[in-house]
Amino acid sequence: MSNADTSGIHRLLDDAFAGITSTSELQDLKEELRGNLTARAAELQEKGMDAGAAAQRAITELGDIDALIASFGGPEAVEGSRLASPDSVVELMQRNRVRPKPGFVVRAVVLALVAAAGIALLPPALLGFISVATPILLAIVAAAIALPVGVVVADSLRQETSQHFAAPTSRAVGFGLTAAAMALGLATGAVFLGDTSQLPLLVAGIVLVVAAIVGFTWLGVTQTNRMKPWALAMQRQYQEQDPFADDPAAAARFGMYTVVIWVLALAGFAVLSVTIGFAWSWLAIVAGLVIFMLTLARMVFPVKR
Amino acid sequence: MTPKEAAQSAATFASDLLRGHTDTIVLGVLRDTDRYGFEIYKTIREATGGDHEIKEATLYATFRRLVKDGLVEAYWGDETQGGRRKYYRITDAGRAVYRQNVLDWTATQTIINTLLNLKGTTS
């Protein structure tokens with residue numbers, strides 16, 4: 001299919017997009033259409049159609065290309081402004097509210113208590129205040145720390161929230177196992193510190209922690225969006241409102257102001273502490289904070305002229 | 001109504017009904033593997049026995065909507081010959097929406113089947 005003649009498609013596409021103000025989105029659509037039409041034309045040519053006819057047929061089969069191009073012009077802007085009013089944001093949040101399931105909350109609290117008890121048990125056992133044989137301590141660590149941690153992590157990811165969909169079971173289990181491995185690895189390392197003659201414990205701990213780091217990396221890299229459409233739209237809107245996002249110079253200026261304000265405030269604090277004393281020198285820090293907040297307010301919400 | 005007209009109206013009915021589920025159908029096609037536009041269209045066309053119930057041109061609006069809603073991610077393939085292909089990958093959000101929509105459809109289907117059989121049960 002690589003030797004298929006695709007010049008007909010390029011010409012027909014250029015015709016269809018002729019005289020249209022090109023946006024990056026339309027450019028994208030044109031390239032996407034090119035790839036897809038080429039694939040279809042190549043398929044037709046394999047069946048014995050000649051290049052010109054195949055290109056023509058591919059375009060015809062696509063349907064109304066002018067309407068498609070027109071539809072990529074308008075509605076985006078309208079949809080973007082739909083969220084603008086604060087009322088609709090509040091309404092959106094209420095409409096999309098998902099209450100946590102009582103069962104999940106109870107499970108999480110109970111397991112967190114178990115894990116807390118397990119962690120609280122470690123220092124006295126390791127320092128010898130409670131005498132526990134190392135194998136038994138390891139079993140306790142696995143059952144009371146690693147297991148609850150893993151279960152809580154997986155369980156939380158399986159919950160649908162107001163802003164996120166539930167993660168697929170396999171991914172939630174993956175995160176749970178990885179978190180459990182990390183907890184077990186760290187706890188095993190701690191047990192080794194209490195009984196340094198058991199070198200295999202150190203090795204096992206390191207292997208588990210490294211495996212968990214690899215696992216988290218893999219899970220992080222393969223993670224796809226889990227946010228609900230309304231939350232994504234809100235996020236986009238906030239990004240548009242952020243004055244620092246599209247003005248790096250303002251962000252840099254703000255950074256420098258921050259440094260100057262706090263250096264002066266700390267210097268003032270030091271000088272006043274030496275000259276007048278601690279009774280009044282803290283006012284320099286308060287003054288610094290006030291100036292910092294005012295600067296922040298002026299830069300994030302500029303006065304409209 | 002002639003048989004031809006009847007077939008025509010049945011086809012219109014089916015395509016109207018189908019159009020409402022285009023998003024879910026596309027998500028379903030992407031469940032197992034990433035695909036590019038024409039491949040998605042071809043998969044749907046082949047599954048319906050070659051009848052073009054969903055127009056290829058309308059799929060592009062679907063792709064755009066799905067990407068905007070975060071249900072699908074788009075990325076360009078690395079084809080060197082001919083046009084580069086824009087591939088689509090389903091996200092975790094997309095999987096959740098797909099599952100929910102299938103559940104909703106199954107429930108609706110059951111209700112409609114029951115309602116359509118109302119007369120049959122009384123006679």
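- B/Lys42 has a carboxylate O that lies under 4.0 Å from a charged side-chain N of A/Glu43, or vice versa, which qualifies the two as a salt bridge.
- For a residue to count as touching a neighbouring chain, one of its non-hydrogen atoms must lie under 4.5 Å from one of that chain's; by this rule B/Ile90 touches chain A with the backbone only.
- Comparing A/Met227, A/Glu31, A/Arg171, A/Arg40 by heavy-atom pairs within less than 4.5 Å of chain B, the highest count is held by A/Arg40.
- Cation-pi geometry between B/Arg35 and B/Tyr88 is not met at under 6.0 angstrom from the ring centre and within 45 degrees of the axis.
- With a threshold of 4.5 angstrom between heavy atoms, A/Leu62 approaches chain B through its backbone and through its side chain.
- Of the listed residues (A/Arg236, A/Arg226, A/Glu32, A/His164), the greatest number of heavy-atom pairs within a distance under 4.5 Å of chain B belongs to A/Glu32.
- Contacts of A/Leu33 with chain B are made by both backbone and side-chain atoms, with heavy-atom separations under 4.5 Å.
- Ionic pairing of B/Arg85 and B/Glu39 is not present here: no N-O contact between side-chain nitrogen and carboxylate oxygen is shorter than 4.0 angstrom.
- Side-chain contact check for A/Gln223 and B/Asp92: at least one donor-acceptor pair (N or O, by modelled atom type) lies under 3.5 Å.
- Note on B/Arg89, B/Arg95, B/Glu73: by heavy-atom pairs under 4.5 Å with chain A, the leading option is B/Glu73.
- Using a cut-off of 4.0 Å between Lys/Arg side-chain N and Asp/Glu carboxylate O, A/Glu160 and A/Lys228 are scored as salt-bridged.
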